[in-house]
2 protein chains.
Amino acid sequence: MKTEIQKEAQDGVTGHSQLTMQVVDHVRQLVANGELKPGDRLPPERELARKLKISRSSLRAGIGFLSAMGVLKSRHGAGTFVATGPPALDSSSLTVLGALHGFLPWQMFEARLVIESSVAGLAAERATGEHIAELAEEVAEMYASMDDPQEYLIHDVRFHRTIARASGNPILGALMETITASLYDTRRMTVDNSVDLKESAEFHREIFRAIRSRNPVAAKKAMEEHLNLARMAQAAEPKATPEPN
Amino acid sequence: MKTEIQKEAQDGVTGHSQLTMQVVDHVRQLVANGELKPGDRLPPERELARKLKISRSSLRAGIGFLSAMGVLKSRHGAGTFVATGPPALDSSSLTVLGALHGFLPWQMFEARLVIESSVAGLAAERATGEHIAELAEEVAEMYASMDDPQEYLIHDVRFHRTIARASGNPILGALMETITASLYDTRRMTVDNSVDLKESAEFHREIFRAIRSRNPVAAKKAMEEHLNLARMAQAAEPKATPEPN
DNA sequence: GTCGGGCTAAGGTCAGACCATAGCAAAGCG
DNA sequence: CGCTTTGCTATGGTCTGACCTTAGCCCGAC
């Protein structure tokens with residue numbers, strides 16, 4: 001006889017059907033065995049369904065699940081592909097959750113700040129020489145492309161992703177990706193103009209120096225200042241909020 | 001002409017079909033309008049599909065998406081329900097992502113430590129009197145149920161969730177829930193025995209006192225120590241896999 | 001050589017049937 | 001009367017097969 005208080009805990013059931021999980025498991029195996037790498041295309045649905053001895057609809061349920069968490073991406077007419085880039089949940093995940101539970105922009109920023117500053121601190125402790133070289137390169141590229149916001153943005157993103165990799169914790173990296181993706185989703189990029197790229201580059205350089213000198217506290221603090229500045233710059237940008245409800 | 005480097009960024013497409021998103025939007029509206037609250041049951045699939053003028057399969061795709069991120073839970077034969085409790089992604093999300101990208105247990109713990117200690121710090125700054133009273137209650141209950149691990153565990157979870165609420169940042173709370181759920185998924189509960197509940201209660205009391213006295217640094221540090229202890233206790237537990245069914 | 005049409009493959013949607021489970025209600029038994 | 005058992009019904013889960021829509025390619029016409 002089960003205890004009665006477990007309603008808050010769980011019934012032991014994940015909530016997803018067996019077949020869906022069978023698909024998930026199969027894909028997981030394919031990836032684990034190296035038969036499927038990021039960017040690769042899955043077999044066609046009809047074929048894969050036949051191989052797994054399940055109907056196409058059930059297969060699609062599994063594919064939908066994996067798409068929802070950003071592992072797969074389907075392109076109509078072309079095929080279904082394994083997601084590239086760093087691991088992350090689907091960009092709409094947090095957006096939808098936010099819409100349902102009323103997440104506020106400042107909370108998103110705070111979450112990003114918490115995670116990314118910790119990640120910077122870890123990176124300062126664990127970055128390899130290779131990581132540091134990469135960071136140096138990206139900083140240099142930033143300085144070199146201060147007149148091209150689009151190009152600058154690319155190196156900005158790469159800089160942050162490299163730090164995530166250097167932190168040695170892919171989970172925190174995934175969470176970071178998810179949050180930033182959701183932020184991009186809500187407010188379109190922050191580099192359009194209005195931001196002083198030179199100042200931004202200086203901040204990145206400071207973060208880089210802290211990581212290179214293995215100073216976690218300084219790295220964390222520098223990242224916090226950088227993101228706080230970015231937050232304020234964006235908050236001061238009035239032209240992008242059509243609905244101030 | 002699009003730049004060529006954007007393959008890493010995104011194609012502007014979320015990757016999910018229109019109809020799926022229509023369902024998501026509809027449910028979002030229902031929740032936003034208060035017509036649907038956590039714990040409520042959705043209309044039957046057949047009926048809802050008719051109302052939305054889409055086929056049942058398409059509706060199910062949307063429901064599957066929302067289930068994947070923990071917003072809905074379907075129970076065979078009973079119905080589909082809005083998830084209760086704090087917002088969180090589906091427990092299997094991180095588990096699957098982890099299986100695909102090779103997340104390690106210590107990385108999970110580290111992520112939890114980073115987030116939850118920050119959350120504790122925020123809670124120390126923002127907790128209301130009500131929150132503090134709730135925390136006091138849970139701590140008391142912990143001391144009162146040190147001979148009943150099951151009961152103890154309930155108050156343990158509630159304690160951490162209350163801190164998350166007190167932090168005023170539901171996003172960090174959601175991430176925390178997701179990670180802890182994933183940890184529970186991998187290794188079954190840590191309170192079975194082997195853990196000194198009295199010692200554990202002392203740690204919780206220390207965290208509580210730091211929050212009550214509005215000391216973010218102490219709260220953060222206390223939480224870090226608590227989780228580090230829990231991690232070591234679990235790592236030293238060799239008898240894992242009790243039921244190899 | 002270039003442009004356009006059409007063919008093929010692949011994902012997206014639809015319709016209807018049937019299966020499996022949960023929950024209740026009525027019937028049957030003590 | 002109260003408990004058990006049986007069976008109905010509502011609801012999610014799965015299957016089948018058809019058709020639509022899009023992407024990409026090939027090939028013929030100009």
> Rounding to a whole Å, what distance do you find between B/L72:CG and D/dG13:P?
Replying inline: 11 Å

> Between C/dC14 atom C1' and B/R60 atom CZ, what is the distance in whole Å?
Replying inline: 15 Å

>> Suppose we call two aromatic rings close when their centres sit under 6.0 Å apart. Are A/H204 and A/H155 close by that rule?
In response: no

>> Between C1' on D/dG12 and CG on B/L66, what's the gap in Å once rounded to a whole number?
In response: 16 Å

>> Among residues at least two apart in sequence or on other chains, which ones pass side-chain hydrogen bond (donor to acceptor under 3.5 Å, both in side chains) with B/S93?
In response: none

> Of all residues at least two apart in sequence or in a different chain, which pass the ring pair (Phe, Tyr, Trp, His ring centres under 6.0 Å) check with A/H101?
Replying inline: none

Pairs under 3.5 Å (N/O, protein and nucleotides 21-24 of chain D):
| from | atom 1 | to | atom 2 | distance (Å) |
| --- | --- | --- | --- | --- |
| D/dT21 | O2 | A/H76 | NE2 | 2.6 |

>> Does anything in residues 50-59 of chain A form a salt bridge (Lys or Arg N to Asp or Glu O under 4.0 Å)? List the pairs, not counting sequence neighbours.
In response: A/E45-A/R56

>> Less than 4.0 angstrom between a side-chain N/O of A/S58 and OP1 or OP2 of D/dG13, yes or no?
In response: no

> Taking NZ from A/K73 and P from C/dA10, how many angstroms apart are they, rounded to a whole number?
Replying inline: 22 Å

>> Nearest whole Å is fine: how far is C/dA10 C1' from A/R50 CZ?
In response: 13 Å

> Taking only residues at least two apart or on different chains, which pairs with a member in residues 32-52 of chain B satisfy ring pair (Phe, Tyr, Trp, His ring centres under 6.0 Å)?
Replying inline: none

> D/dG12 P sits how many Å from B/L59 CG, rounded?
Replying inline: 9 Å

> Would you call A/E141 and A/R158 a salt bridge, using N to O less than 4.0 angstrom?
Replying inline: no

>> For a quick test of reading the model: is some side-chain N or O of B/S17 closer than 4.0 Å to OP1 or OP2 of C/dG11?
In response: no

> In whole Å, what is the span from the CZ atom of A/F65 to the P atom of D/dG13?
Replying inline: 13 Å

> What are the residues of residues 37-48 of chain B, sorted by number, that bring a heavy atom to within less than 4.0 Å of DNA chain C?
Replying inline: B/R46

> Any idea which of D/dT14, C/dG12, C/dC14 is nearest the B/S55 side chain?
Replying inline: C/dC14

> Quick one: A/Q18 CD to C/dT21 C1', roughly how many Å, whole number?
Replying inline: 12 Å

> Tell me the ring pair (Phe, Tyr, Trp, His ring centres under 6.0 Å) pairs involving residues 47-72 of chain B, sequence neighbours left out?
Replying inline: B/H16-B/F65

>> Mind checking if B/I63 touches a base, just sugar-phosphate, or nothing, with heavy atoms under 4.0 Å?
In response: nothing

> So what does B/S57 touch, heavy atoms closer than 4.0 Å: a base, only the sugar-phosphate, or nothing?
Replying inline: base

> Which residues pass the ring pair (Phe, Tyr, Trp, His ring centres under 6.0 Å) test with A/H131, sequence neighbours left out?
Replying inline: none

> Which nucleotide in the set C/dC14, D/dT14, C/dG11 lies at the smallest distance from any side-chain heavy atom of A/R56?
Replying inline: C/dG11

>> Holding to side-chain hydrogen bond (donor to acceptor under 3.5 Å, both in side chains), I want the full list of residues that pass it with A/S58, two or more places apart in sequence or in another chain.
In response: A/S55

